[in-house]
2 protein chains.
Amino acid sequence: MTSRAGNPAPRAKRADARHNAERLATVARNAFAEHGADASLIDIARRAGVSSGTLYRHFPTRAALLAAVYRSEIEALGNLAAELHDSAEPLPALATWLRAFSEYTTTCRGLKGLVAAIDTDTQNALTSWWYATLLPAATSLLERAQRTGVVRDDVTTHQVLRLVNAVALAHEQAGLDDDQTGPLLNLIIDGLRAHRDFAE
Amino acid sequence: MTSRAGNPAPRAKRADARHNAERLATVARNAFAEHGADASLIDIARRAGVSSGTLYRHFPTRAALLAAVYRSEIEALGNLAAELHDSAEPLPALATWLRAFSEYTTTCRGLKGLVAAIDTDTQNALTSWWYATLLPAATSLLERAQRTGVVRDDVTTHQVLRLVNAVALAHEQAGLDDDQTGPLLNLIIDGLRAHRDFAE
DNA sequence: ACCTGAACACCGTTCAAGT
DNA sequence: ACCTGAACACCGTTCAAGT
């Protein structure tokens, strides 16, 4: 049964390996919070008390580490999308989700780096669980709003995520100060709405 | 007369120094075009046939090099703003300028890094000529549009520049493909317009 | 006045050698 | 199966020593 399962047999890790992976993840979470998604990997390994080789063994890529660190946040965003899809009107649902998404990436700085990897790493992203969680979540809300006619239909999910993430990224490196991101998010959501007249 | 001028005496450089600075700038322009604003400085020096120390002597900071490389583009944007201020209605003037700004930063990849430095480097930016060119240009158009009531008044010039630049940045690292930036810019400009009703 | 090149302090990534 | 630590190939930045 185990060997015939669809998933390629998770294959329980050895105790020490599991411990190292966990420790790396928690150290990484702090490091990302402090230095952003570009935090030094070598420093993370050092602070976790393991060699750099061990970090690479567990997390072959930076995106893999980021995804592991922010697993629960990503899943929460996935669930939120499902809830909003059932409980709110198309436009408010999308708006609320985008605001939540923005809050998450602002609170968890590293998350922005992962979202940005959607474009950088498309090859790997396509086969990763976090991509399979986040993209359909956003897509379901966006496309519904577009079908209903309340949101312009010339934008894709990729573009919207990119846009909101870009705002968060720009804000991050601007020296986070206060939550000045509100007005810009309102601007974006307003811009998303289907427009009748357009100034040229 | 020369020594009593307001500017701190440009003080003609020695011929070799001037030649090195020019060569560095042209090499840098290529490097930035190829690798973006993060292009390796050491590589630029190498390709220009000078030592890294020489690069630092002429351009003590990355932003200084970027500003030197994109001098004409920055001035062109300044002039364009003045023209549009006189020749076009508030909203179209702002929209056109933002589109031009976006085109410039897309064509000259490194320009995005300079604009981003407005936030990173505020200290130095405040005293730099490019800042004194770009910011007033954008501000004059934005504030006029706000006074006229056609653009929402809860955004600052900083925010708008940041936003447009962020879109360009995100688009750059997404693998430039085609000019997919059009729809997003339209979205932003649309969002900038003063809104009567707002969906929450 | 200007330039060179070494020096310092950092990276990411891989891979033989160990347990 | 997992880990270590050295090795390789890169950075940015500074500064004595030269011309």
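Lettering follows sequence order; numbering is per chain, from 1.
Under the salt bridge (charged side-chain N to carboxylate O under 4.0 Å, His left out) criterion, B/D153 pairs with no residue at all, not counting sequence neighbours. Qualifying side-chain contact (heavy atoms from CB on, under 4.5 Å) partners for A/A137, counting only residues two or more places apart in sequence or in other chains: A/A81, A/W97. Checked against side-chain contact (heavy atoms from CB on, under 4.5 Å), A/A82 has no partners two or more places apart in sequence or in another chain. Partners of B/Y56 according to the side-chain contact (heavy atoms from CB on, under 4.5 Å) rule, which considers only residues two or more places apart in sequence or in another chain, are B/L41. Take B/T139 and apply the side-chain hydrogen bond (donor to acceptor under 3.5 Å, both in side chains) test, not counting sequence neighbours, and it matches B/T157. Residues satisfying the salt bridge (charged side-chain N to carboxylate O under 4.0 Å, His left out) criterion with B/D38, sequence neighbours excluded, are absent altogether.
Atom pair A/H35:NE2 and C/dC11:C1' shows a separation of 14 Å (rounding to whole Å applied). We find that CZ of A/R14 is positioned 8 Å from C1' of C/dT19, with the value rounded to whole Å. Taking atom CG of residue B/D43 and atom P of nucleotide D/dC11, one finds them 6 Å apart after rounding to whole Å. With rounding to whole Å, A/D38 atom CG is found 12 Å from C/dC11 atom P. The distance between atom CZ of B/R47 and atom P of D/dC10, rounded to the nearest whole Å, is 14 Å.
Listed for the B/T148 side chain is a donor-acceptor partner under 3.5 Å among the backbone atoms of B/R144. A/R193 contributes no side-chain N or O that, together with a main-chain N or O of A/R152, makes up a donor-acceptor pair within less than 3.5 Å.
Out of D/dG12, C/dC3, D/dT4, the shortest distance to the side chain of B/S40 is found at D/dG12. Each of D/dT4, C/dC3, D/dA1 was ranked by its minimum atom distance to the side chain of A/V50; first place goes to D/dT4.
Residue B/R46 places no side-chain N or O under 4.0 Å from the OP1 or OP2 atom of C/dG5. The shortest distance between the side-chain N/O atoms of A/R57 and the OP1/OP2 oxygens of D/dC2 is below 4.0 Å. The phosphate of D/dC3 (OP1 or OP2) has a side-chain N or O of A/H58 nearer than 4.0 angstrom.
Stem analysis of DNA chain C (Watson-Crick or G-U pairs, both distances under 3.5 Å, runs of at least three) returns C:4-8 with D:12-16, C:12-16 with D:4-8.
Applying the salt bridge (charged side-chain N to carboxylate O under 4.0 Å, His left out) rule to pairs touching residues 24-33 of chain A yields A/R29-A/E73, sequence neighbours excluded. Within the structure, salt bridge (charged side-chain N to carboxylate O under 4.0 Å, His left out) pairs that include any residue of residues 59-71 of chain B comprise B/R71-B/E75 (at least two apart or interchain).
Residues from residues 18-25 of chain B with heavy atoms under 4.0 angstrom of DNA chain C, sorted by number: B/N20.
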Tabulate protein N/O versus nucleotide N/O from nucleotides 13-17 of chain D, keeping only pairs under 3.5 Å, one per line.
| residue | atom | partner | partner atom | Å |
| --- | --- | --- | --- | --- |
| D/dT13 | OP2 | B/Y56 | OH | 2.5 |
| D/dT13 | O5' | B/Y56 | OH | 3.2 |
| D/dT14 | O4 | B/S52 | OG | 3.4 |

Under 3.5 Å donor-acceptor pairs involving side-chain atoms of residues 159-166 of chain B, not counting sequence neighbours:
| residue | atom | partner | partner atom | Å |
| --- | --- | --- | --- | --- |
| B/Q159 | OE1 | B/T156 | N | 3.1 |
| B/R162 | NE | B/D119 | OD1 | 3.3 |
| B/R162 | NE | B/D119 | OD2 | 3.2 |
| B/R162 | NH2 | B/D119 | OD1 | 3.1 |
| B/N165 | ND2 | B/K112 | O | 3.2 |

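A distance of about 22 Å separates the P atoms of D/dA9 and C/dC10, rounded to the whole Å.
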